[in-house]
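Working notes, beginning with the structure itself.
Chain A is the first sequence line, chain B the second, and so forth, proteins listed ahead of strands; every chain is numbered from 1. Just so it is clear, the values below take in all heavy atoms, side chains as well, and ignore hydrogens, waters and symmetry mates.
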There are 2 protein chains.
Amino acid sequence: MYGDNEICHARCTTTVRQNAGMLELAILGFLYDAPLHGYELRKRITALTAHVRPVAESTLYPAIKRLEKSGLLVRATEPGAVAAPRHVLSLTDQGRRELRRRLAEPDQRDITDENRWFTVLAFLRHLDDAAAQAVVLRRRLAFLEEPASFFYEGDRPVRAEELDDPFRRGVLTIARATSRAEVGWLRETLDSLGG
Amino acid sequence: MYGDNEICHARCTTTVRQNAGMLELAILGFLYDAPLHGYELRKRITALTAHVRPVAESTLYPAIKRLEKSGLLVRATEPGAVAAPRHVLSLTDQGRRELRRRLAEPDQRDITDENRWFTVLAFLRHLDDAAAQAVVLRRRLAFLEEPASFFYEGDRPVRAEELDDPFRRGVLTIARATSRAEVGWLRETLDSLGG
DNA sequence: CGAAGATACCTCGTCACCGATGTATGGCGA
DNA sequence: TCGCCATACATCGGTGACGAGGTATCTTCG
């Protein structure tokens, strides 16, 4: 169903592949709108995530190959408009289904890691169902609302005001501001989705 | 100097090892304060980063081994206070120097990726020199101040208000709030460092 | 006494990602 | 016309990280 990922070897039991990587998600997401060739795809991914987490070319092309091998996308060679010949990539029906599945049932990592979460958000509109979108947003909201700190003394979380380390205080200050902004946005958006 | 990393094989030229991983930084950082055994170390790292990016045991122990092999830490076996015998880990002088070096000259990734950046911040107090701390903070400030967007139409960055996709608008809204909070904190802290 | 659960460490196979490098083509300025 | 840069794709070896197991000790509770 999901490419060659259902087969795990050796000491590994059969699972739906975890660790699916936000790069693949981004590829599927951008191709969902329109076919693109690799180089253009790379520029879009770079714009989306690269100032945070640059994507090496040597990572992109193997990822495309993986997705092709799994039947999620196909390529058509086209004479290069500007330079060398291009491979125009487009999603198969299976690829489109797979994107929607990954958006609807994101890995817990995609919820907790801000980088991955932003990638999910960037393509969440491709879920046609507002209820399904709301489910995903609520998972993020639940994560942000569970009490969590960065620093502990024993079992007790340390509050920003107690820290004499200005840098650790910064971490807490910034995290708090981010969280507040996002919780506000999530609530608003959930309201407007009629969830 | 930095373990066995100065030797690169085959098609690889000699470099100071990039991609040093925030896990190693966290290990060095926590051990800088006090010797710890692996299990306790894991709990502290978990508290620091795990609700965002969980650390598997199978990642921690090999990382400890790497650092030991590089001469950055040593272990002393101790009868287990509660259960199985522990390996108490402590930094060598070389390890202490290496932490300070990694903090003083962080990889660009450590500046741009919020997860890595928070790890740097969590231990930045271990740089004894306020000027050196200020240099690092200014790198982050410079990064946050350079104009960057997530979404483009052609070459023009798209502003939050123009987007009809509520989720992408969310990405921009949240990123903006975070950035504002952090820039404010950075300026304040730089002032108080006398930079 | 025996099972359960926390503590504590470890190995193995797999995989995504990386940097370095290679190979073309076409446009542009000196 | 020569070099340089952008376009466009690809391979290779190395490495950090992961999930799935395994081993052993000590405490707690029934």
Please state whether the phosphate of [N], meaning OP1 or OP2, lies under 4.0 angstrom from any side-chain nitrogen or oxygen of [X].
X: B/R109; N: C/dC18; result: yes
X: A/T59; N: C/dC18; result: yes
X: A/K65; N: D/dT11; result: yes
X: A/Y61; N: D/dA10; result: no

Atom [atom1] of [X] to atom [atom2] of [N]: distance rounded to whole Å?
X: B/Q108; N: C/dC18; atom1: CD; atom2: P; result: 15 Å
X: B/R66; N: D/dG14; atom1: CZ; atom2: P; result: 16 Å
X: A/L36; N: D/dA8; atom1: CG; atom2: P; result: 12 Å
X: A/N115; N: C/dA16; atom1: CG; atom2: C1'; result: 16 Å
X: A/I64; N: D/dC9; atom1: CD1; atom2: C1'; result: 9 Å
X: B/L60; N: C/dT11; atom1: CG; atom2: C1'; result: 14 Å
X: B/I27; N: C/dC9; atom1: CD1; atom2: P; result: 12 Å
X: A/E57; N: C/dT23; atom1: CD; atom2: C1'; result: 12 Å

Return the nearest nucleotide to the side chain of [X]; candidates are [options].
X: A/H87; options: C/dC10, D/dC9, C/dC17; answer: D/dC9
X: A/R75; options: C/dA20, C/dC10, D/dA10; answer: D/dA10
X: B/S58; options: C/dC10, D/dC18, D/dG16; answer: D/dC18

Between protein and nucleic acid, restricted to nucleotides 5-7 of chain D and to nitrogen or oxygen atoms under 3.5 Å apart, what atom pairs and distances do you find?
unit_1: D/dT7; atom_1: OP2; unit_2: A/Y39; atom_2: OH; d: 3.1

Could you pull out all residues at least two apart from [X] that satisfy salt bridge (charged side-chain N to carboxylate O under 4.0 Å, His left out)?
X: A/R75; answer: A/E68
X: B/E188; answer: none
X: A/E182; answer: A/R140
X: B/R180; answer: none

salt_bridge(B/R86, B/E40) N-O dist < 4.0 Å | no
Sequence neighbours excluded, every pair satisfying salt bridge (charged side-chain N to carboxylate O under 4.0 Å, His left out) that has a member inside residues 118-127 of chain B = A/D165-B/R125, B/D33-B/R125
dist A/F118:CZ -> B/I174:CD1 (nearest 0.5 Å) comes out at 5.0 Å
